[in-house]
Amino acid sequence: MTLAPLLSLPGLAAGALALAVPVSLQETSEAPIAPELRPAEPKTPEEWRARERELLRRIDELEALLRDEQERSYLRQQEWIDYSRVLGDFELPSLPAPPEFIADALVEPPDPAAEAAAREAARLRVRAREIDRKLATLFAVESIGGIDLLEIGLLHEHEGRTWTGPVIARLIDGRGRMVGMLKASHMRLEASRASHTVTIVLKDGYESRAGALRPFEGGRLVAAPDEGGESDEMVATGGVRRIFLGAVDPGPWIDAAPELVDPEMLQPVVDDGVWDRTAVRIDIARLLRRAGEAGDPSWRLVALGGIRGKDLRDVRFTEVDDLTGRTQRIVFADAARVFARDGGGVEILLEGGTVRRGDRVAPFLAGRYRIVLPRADAATWKDARVPGLAPAPLPAGLQPEDDGPSDEETAAKDGGNGRPPIR
């Protein structure tokens, strides 16, 4: 008798035989068996037949054990299903509502500071949406092209002024196609009543064209901070971009977003009544003519809307060619102040305006424009009681009081480079 019948046993029997082998023996089947535990090798045909019968008997026992275990497993599964079905048939009564005082005690008291902050944030969101809609309407009414504001962010304080941001805008060509994007952290408006112009001022941002990022003038690109590690996103820090909207009536823009313009634009009073406006205009016109005769550029004060404090308000200066008498340029400004230069001469600093040469109109660079008269006699201007160089006149019978350091002393204290802001 051979081992062929044993090798052709059913697969189930072979599997049962494999299950019957202890795990420890399966895992160590490759380990050598001790000689004393190794069964004796059959030698005669009779011994081989006895060994075959023993193995067949063992296989029958293992198959019986496997059938019993499968039956027990099936019974346990059926028992669990029946148990789960019985639990599902039970209807649990609903719990009564807790007493009202317990429910009130479980509610955390509101935080007044958090509620106030939430109300303020909601107000700013609503106001930002209103400004966004009004600016979009003004862009359409004035037919302003080249830029389309998509998002203006929320109102916030920055550098002592109210700004809005972050700002996202599209750059559009003459055919209405998008050619780039503008992103900035802050935006405000410069509206000039004297020159009838509006300028959008963007800060801390960059321009994107064809995937290339270019920061605003004076700024740079840095990697965005990321708590999880290094970030591939770039943000801009510093830099200013000024977008001149042309000659438009600033009134509607100021009314639409009064928070974004200079507070001076919200005050309709341009003259405080302290100075004699006519006398000041005549004196400045005479002094400008003398400076021109001394070799300085020939400037004329054409209009003076008023005087408030040390500032000349709503002014218009004209530069004239001495040979031909033709107007070379006209400067409109909301405010101007006269300074004595450290090296001699007089300087007139203008803010919030435009320069016009023929048909071309350009806004002030960085919002400021300087008229320098190096040959003008500062002492003569001071003796003529020009606002900014001389103290304001006092009513009769009152003694002059110490009004603090003059503009010249302040400039000298700052090393000759400082200029007090025009207000």
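Atoms considered below: every heavy atom in the structure, side chains included; atoms not considered: hydrogens, waters and symmetry mates. This structure is a prediction, so every number in the text was calculated from the model and none was measured.
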Minimum heavy-atom distance R193-P250, with the two atoms named: CA-CG, 3.8 Å

Assess whether a salt bridge exists between D321 and R326, defined as any Lys/Arg side-chain N lying under 4.0 Å from an Asp/Glu carboxylate O. no

Has D283 got a side-chain atom pairing as donor or acceptor with R385's backbone, closer than 3.5 angstrom? no

Given side chains that start at C-beta, do those of F364 and V331 come closer than 4.5 Å, heavy atoms only? yes

In terms of side-chain geometry, is the basic nitrogen of R290 or E293 positioned less than 4.0 Å from the acidic oxygen of its partner? no

So with a 6.0 Å cut-off around CG of L75, is the heavy-atom count from everything else above 12? yes

Minimum heavy-atom distance P297-V372, with the two atoms named: CD-O, 4.3 Å

Enter the distance from L349:CG to L312:CG here, rounded to the nearest 0.5 Å. 11.0 Å

Other residues, nucleotides, ligands: >12 heavy atoms within 6.0 Å of R286 CZ: yes

Sub-4.5 Å side-chain heavy-atom contact between R67 and E63: yes

Donor-acceptor pairs under 3.5 Å, side chain of residues 131-142 to any protein atom, not counting sequence neighbours: which ones?
| unit_1 | atom_1 | unit_2 | atom_2 | d |
| --- | --- | --- | --- | --- |
| T137 | OG1 | R133 | O | 3.0 |

Passes side chain to side chain contact (heavy atoms under 4.5 Å, CB included), R125 versus L154? Steps please. CA-CA 6 Å; R125 285 194 296 270; L154 298 177; 3.6 Å; yes

With no hydrogens and no angle check, is any side-chain donor or acceptor of S73 less than 3.5 Å from a backbone partner on E69? no

Parallel, tilted or perpendicular: ring planes of H158 versus H186, cut at 30 and 60 degrees: parallel

CD1 of I168 to CE of M181: how many Å apart, nearest 0.5 Å? 6.0 Å

Value rounded to 0.5 Å, distance of CD in E151 from CE in M187: 10.0 Å

Would you indicate whether the side-chain heavy atoms of I243 and L182 approach each other to under 4.5 Å? yes

Is the number of heavy atoms from other residues, nucleotides or ligands within 6.0 Å of CZ (R209) greater than 12? yes

Has D271 got a side-chain atom pairing as donor or acceptor with I307's backbone, closer than 3.5 angstrom? yes

Where is the tightest heavy-atom contact between A376 and A291, given as atom of each residue plus distance? CB-CB, 4.1 Å

Stepwise side chain to side chain contact (heavy atoms under 4.5 Å, CB included) test for L189 and I200: CA-CA 5 Å; L189 301 178; I200 295 178; 3.8 Å; yes

Nearest heavy-atom pair of V346 and A378: which atoms, and what distance? CG2-CA, 3.9 Å

Non-hydrogen side-chain atoms of L288 and W381 separated by less than 4.5 Å: yes

Side chain S192, main chain G352, donor-acceptor under 3.5 Å: yes

Using the rule side chain to side chain contact (heavy atoms under 4.5 Å, CB included), only one of V198, T199, L260 pairs with E190; which is it? T199

Gap separating the CZ atom of F216 from the CG atom of L202, nearest 0.5 angstrom: 5.0 Å

Ignoring hydrogens and angles, write down the donor-acceptor pairs under 3.5 Å from the side chains of residues 169-180, residues two or more places apart or on other chains.
| unit_1 | atom_1 | unit_2 | atom_2 | d |
| --- | --- | --- | --- | --- |
| R170 | NE | D148 | OD2 | 3.4 |
| R170 | NH2 | D148 | OD2 | 2.8 |
| D173 | OD1 | R175 | N | 3.1 |
| D173 | OD1 | G176 | N | 3.1 |
| D173 | OD1 | R177 | N | 2.7 |
| D173 | OD2 | R177 | NE | 3.0 |
| D173 | OD2 | R177 | NH2 | 3.2 |

Can D262 and R188 be counted as an ion pair, charged N to O under 4.0 angstrom? no

With the side chain counted from C-beta on, respond yes when P374 and R341 share a heavy-atom pair under 4.5 Å apart, and no when they do not. yes

Take V222 and R220, measure what side chain to side chain contact (heavy atoms under 4.5 Å, CB included) needs, and give me the verdict at the end. CA-CA 7 Å; V222 297; R220 59 191 180 92; 3.1 Å; yes

Keeping D204 on the side-chain end and A184 on the backbone end, is there a donor-acceptor pair under 3.5 Å? no

Can you tell whether the side chains of R127 and E130 come within less than 4.0 Å, N to carboxylate O? yes

S298 vs E319 side-chain heavy atoms within contact, under 4.5 Å: no

Over all atoms of both residues, closest heavy-atom pair of A336 and I348: CB-CG2, 4.2 Å

Say you draw a straight line from CG of L389 to NZ of K310; how long is it, rounded to the nearest 0.5 Å? 9.5 Å

Least distance between heavy atoms, V280 atom then P387 atom: CG1-CD, 3.7 Å

Straight-line distance of H156 NE2 to T164 OG1, nearest 0.5 Å: 7.0 Å

Is the shortest side-chain heavy-atom distance between R281 and W275 below 4.5 Å? no

Counting C-beta onward and ignoring hydrogens, is there a side-chain heavy-atom pair between T197 and L245 closer than 4.5 Å? no

Pairing donors with acceptors under 3.5 angstrom, does anything connect the side chains of T162 and E157? yes

Give a yes or no on this: more than 12 heavy atoms of other residues, nucleotides or ligands lie within 6.0 Å of atom CD of E79. no

